[in-house]
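See below for the structure under consideration.
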Amino acid sequence: MPDPVKDPAGPDPIGQGLAALRAGRPAEAEAIFQAVLARLPGQRDAWNGLALALAARGAWADALVAMERAIGDGVVPASWHANRAAVLI
């Protein structure tokens, strides 16, 4: 299986990042999402995942910036707005 940090175009780097978050590995998740964003800076799922990873390690200001990039001015899942609210609280 490709390393999602070295090969963010692998099978499902977003899923791998979210799995790392669920497993309690926010630093690993952050690295995965950053690798995706290095190749695809407009990838909103990666911005959302990065925001969750940053929040999980207490980097609230950075998490809010990432969440704002995820939400942008488009239509996104309602859960993303809930994630933004959780970062603000």
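Positions are given from 1, in the same order as the sequence printed here. This is a predicted model, so every value here is computed, not measured.
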Next item on the list: Compare every heavy atom of R22 with every heavy atom of G15, then report the nearest pair and how far apart it is.
Entry: O-NH2, 4.4 Å

Margin query: Please find the pair of heavy atoms, one from G17 and one from A29, that lie closest to each other, and give the distance.
Written below: O-CB, 3.3 Å

Check: Okay, side chain of W47, backbone of P41: is any donor-acceptor separation there less than 3.5 Å?
Finding: yes

From [X] [atom1] over to [Y] [atom2], what is the distance, rounded to the nearest 0.5 angstrom?
| X | Y | atom1 | atom2 | result |
| --- | --- | --- | --- | --- |
| D12 | L18 | CG | CG | 8.0 Å |
| R57 | L21 | CZ | CG | 11.5 Å |
| L64 | I71 | CG | CD1 | 8.5 Å |
| I14 | N48 | CD1 | CG | 9.0 Å |

Notebook entry, point to check: Going through the distances and angles, do W60 and L54 end up as a side chain to side chain contact (heavy atoms under 4.5 Å, CB included)?
Noted result: CA-CA 7 Å; W60 302 109; L54 291 166; over 6 Å; no

Checklist line | Partner residues of Q34 under the side-chain hydrogen bond (donor to acceptor under 3.5 Å, both in side chains) criterion, sequence neighbours left out | finding: none

Note to self: Among residues at least two apart in sequence or on other chains, which ones pass side-chain hydrogen bond (donor to acceptor under 3.5 Å, both in side chains) with R44?
What the structure shows: none

Item checked: pair R69-L37: side-chain heavy atoms closer than 4.5 Å -> no

Checklist line | side chain to side chain contact (heavy atoms under 4.5 Å, CB included), paired with L50, selected from E30, Q43, M67 | finding: E30

